[in-house]
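Since the structure comes first, as structure tokens, the remarks are kept for the end.
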Amino acid sequence: MKDGVLGQLALTFAAMSLGAIGGANAVVPEIHQQVVTLHGWLNDTTFANLFAIAQAAPGPNVMFVSLIGWHLAGPLGLVVATIAICLPSSLLTFGVSRIRRRMMEAGWLKLLQTALMPIPLALMAASALIMAQAADHTLLTVVVTLGTALFVGFSNRNPLWALTAGGILGGLTFLFAGT
Amino acid sequence: MQERVSAAASSAQETVSYGSIFLVFSKIGLCGFGGVAAWAHRVLVDERRWYSDREYADLLSIGSVLPGPNICNMSIMVGDRFRGPLGAATALAGLLAGPLLILVCLALLYDRYGDLPVVQAVIGGVTAAAAGLVFGTVIKLARRLRPRFGNILVGVLAFLGAAMLHLHVLLIVALMVPLSLVLALRERQR
């Protein structure tokens with residue numbers, strides 16, 4: 001059983017590695033589709049909770065994938081999932097780093113950047129929608145989501161403030177309202 | 001400024017040990033709450049002087065265009081520059097090791113206390129905020145991009161493919177990258 005999960009983790013995450021333009025947040029809809037809808041490894045709430053924990057920790061956002069690996073198959077799952085999501089894109093980067101002086105002229109790079117930008121943005125918007133559907137069950141959580149979106153979108157302060165505020169609000173509501 | 005450029009240029013020839021590559025990227029990984037790229041600039045350009053401002057800008061653009069988090073891609077290119085393939089692996093390992101340890105601690109706490117109602121309430125609040133964080137990042141980046149018609153078309157199609165049709169992300173990227181490039185080239189020619 002466990003070997004089966006490890007193998008499937010490796011395949012699932014390696015297959016989406018090259019799609020993660022702009023980072024792992026672009027593949028959250030794909031991860032949700034595979035891990036929650038198709039395989040049924042996690043339910044919506046756990047999926048959203050693990051995402052939140054990964055956001056609260058330092059480091060690059062691929063660590064959400066590491067955390068899913070940990071949750072499903074322990075330390076080995078963490079290692080397998082992390083390597084799977086990193087390896088294909090890392091090999092591509094390594095190859096490009098070797099040839100970039102000849103291939104990548106500044107003008108081309110700029111064009112490529114403007115052309116690619118809408119794709120990760122759209123995928124991230126889809127991620128946000130999935131996360132909000134999983135996380136927002138009460139009026140308060142909807143307000144927290146919208147408030148954080150405005151805070152992050154229009155100020156340059158550290159987003160960790162908003163995550164902390166969300167946690168405190170959640171805790172206080174529980175203590176005072178008992179819901 | 002002149003001094004910084006020459007310092008960065010000369011240090012490119014120096015040998016940098018595996019140890020310092022690992023340490024530098026550990027520091028970037030562990031400090032990078034929220035915005036890793038800002039910390040990478042501070043450490044690579046200001047503190048270590050491995051790169052000039054210009055070289056760093058190139059590094060960041062290439063890292064952002066390639067799939068995977070830009071900081072992971074940058075670590076690979078920096079490690080490779082100083083120490084080849086093994087240096088690239090060392091840099092990536094340094095970047096991930098510290099944060100992964102912290103993450104494991106958080107995961108253990110979650111496994112142990114995640115069922116307590118008050119903890120669930122707190123995590124519920126953080127989760128709602130995390131969804132907003134992703135929305136907010138989209139808003140912030142879209143404001144900087146100042147999208148044209150072609151960008152918006154590609155964005156809407158990619159969003160529908162991911163959110164409504166649940167297409168595999170590789171299929172979305174394979175369809176949208178050529179379309180987006182063609183539209184960008186046409187807009188440039190005008």
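Basis for what follows: all heavy atoms, side chains included, without hydrogens, waters or symmetry-related copies. Naming convention: chains lettered A, B, ... in sequence-line order (proteins, then strands); numbering from 1 in each chain.
With hydrogens and angles disregarded, a donor-acceptor distance shorter than 3.5 Å links the side chain of A:E30 to the backbone of B:V169. Put simply, the side chain of A:T145 never gets that close to the backbone of B:G132: no donor and acceptor are under 3.5 Å apart.
Looking at A:D136, the atoms closer than 4.5 Å to chain B (heavy atoms on both sides) all sit in the side chain, from C-beta outward. With a 4.5 angstrom heavy-atom cutoff, A:L172 does not touch chain B via any of its atoms. If you measure heavy-atom distances from B:A88 to chain A, the contacts under 4.5 Å come from the side chain alone. If you measure heavy-atom distances from B:L92 to chain A, the contacts under 4.5 Å come from the side chain alone. Neither the backbone nor the side chain of A:T37 comes within contact range of chain B, judged by heavy atoms closer than 4.5 Å. In this structure, no portion of A:Q133 lies under 4.5 Å from any heavy atom of chain B. Contacts of A:S17 with chain B are made by backbone atoms alone, with heavy-atom separations under 4.5 Å and no side-chain atom involved. For A:I130, no part lies near chain B; criterion is any non-hydrogen pair under 4.5 Å. No part of A:H137 comes within reach of chain B, as not one of its non-hydrogen atoms sits under 4.5 angstrom from that chain. Only the side chain of B:I172 comes within less than 4.5 Å of a heavy atom of chain A; its backbone N, CA, C and O stay farther away.
Comparing A:P29, A:A20, A:A135 by how many heavy-atom pairs each has under 4.5 Å with chain B, the most go to A:A20. For the set A:A128, A:S89, A:A132, the entry with the most heavy-atom pairs within less than 4.5 Å of chain B is A:A128. In terms of heavy-atom pairs under 4.5 angstrom with chain B, the leader among A:P88, A:A125, A:P120 is A:A125. Here A:G153 is the residue among A:G23, A:G153, A:A52 with the most heavy-atom pairs under 4.5 Å with chain B. Contact count against chain B (heavy-atom pairs under 4.5 Å) is highest for A:S90 among A:A165, A:S90, A:G147, A:A134. Interface summary for chain B: among A:L163, A:V144, A:T141, the most heavy-atom pairs under 4.5 angstrom belong to A:L163. Between chain A and the residues B:D111, B:V119, B:V126, the largest count of heavy-atom pairs under 4.5 Å involves B:V126. Top candidate by heavy-atom pairs under 4.5 Å with chain A, chosen from B:A128, B:A162, B:A89, is B:A128.
No single ILVMFWY cluster, assembled from side-chain heavy atoms under 4.5 Å apart, contains both A:V5 and A:L38. Put simply, B:L109 and A:F174 are part of the same group of oily side chains (I, L, V, M, F, W, Y) that touch within less than 4.5 Å, one to the next. By the criterion of side-chain heavy atoms lying less than 4.5 angstrom apart, applied directly or through intervening Ile, Leu, Val, Met, Phe, Trp or Tyr residues, B:V177 is grouped together with B:L165 in one hydrophobic cluster. Linking ILVMFWY side-chain heavy atoms closer than 4.5 Å, directly or via other members, places A:I21 and B:V182 in two distinct hydrophobic clusters. Linking Ile, Leu, Val, Met, Phe, Trp and Tyr residues whenever their side-chain heavy atoms come within less than 4.5 Å places A:V36 and A:F64 in a single cluster.
In this structure the side chain of B:V104 reaches within 4.5 angstrom of the side chain of A:L78, judged on heavy atoms. Taking 4.5 Å as the limit, every side-chain heavy atom of B:L100 sits out of range of all side-chain heavy atoms of A:W70. Using a 4.5 Å heavy-atom threshold, the side chains of A:M117 and B:L141 count as touching. The shortest side-chain heavy-atom distance between B:T127 and A:F47 does not fall under the 4.5 Å cut-off. The shortest distance between side-chain heavy atoms of B:I139 and A:F154 falls below 4.5 Å. Under the 4.5 Å side-chain criterion, counting only non-hydrogen atoms from C-beta, A:L18 is not in contact with B:V173. By the 4.5 Å heavy-atom criterion applied to side chains, B:R148 and A:P118 are not counted as neighbours. Using a 4.5 Å cut-off on side-chain heavy atoms (C-beta onward), A:C86 and B:L96 make contact.
Going from atom OG of A:S66 over to atom CG of B:L103 covers 6.5 Å, rounded to the nearest 0.5 Å. Note that the CG atom of A:L121 and the CD1 atom of B:I152 stand 11.5 Å from one another [nearest 0.5 Å]. Residue A:T93 holds its OG1 atom at 5.0 Å from CD1 of B:I76, rounded to the nearest 0.5 Å. Here the CD1-CD1 distance, from A:I53 to B:I102, works out to 14.0 Å after rounding to the nearest 0.5 Å. The distance from the CZ atom of B:F135 to the OG1 atom of A:T148 is 11.5 Å, given to the nearest 0.5 Å. Considering CE of A:M131 and CG of B:L133, their distance stands at 10.0 Å, rounded to 0.5 Å.
For the residue pair B:A158 and A:L123, the shortest heavy atom distance occurs at O-CD2, 4.3 Å. Shortest non-hydrogen contact noted between B:K140 and A:S155 is NZ-O, 3.5 Å. Between B:A129 and A:A162 the shortest heavy-atom distance is CB-O, 3.7 Å. Between A:Q55 and B:A130, the shortest heavy-atom contact is CG-CB, 4.3 Å. Considering all non-hydrogen atoms of both residues, B:G84 and A:R98 come closest at CA-NH2, 3.8 Å. Looking at every heavy atom in both residues, B:L170 comes nearest to A:A15 through CD1-O, 3.0 Å.
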Check the pair B:M77, A:V96 against side-chain contact (heavy atoms from CB on, under 4.5 Å), reporting the backbone distance first and the verdict last.
CA-CA 9 Å; B:M77 290 186 281; A:V96 170; 5.6 Å; no

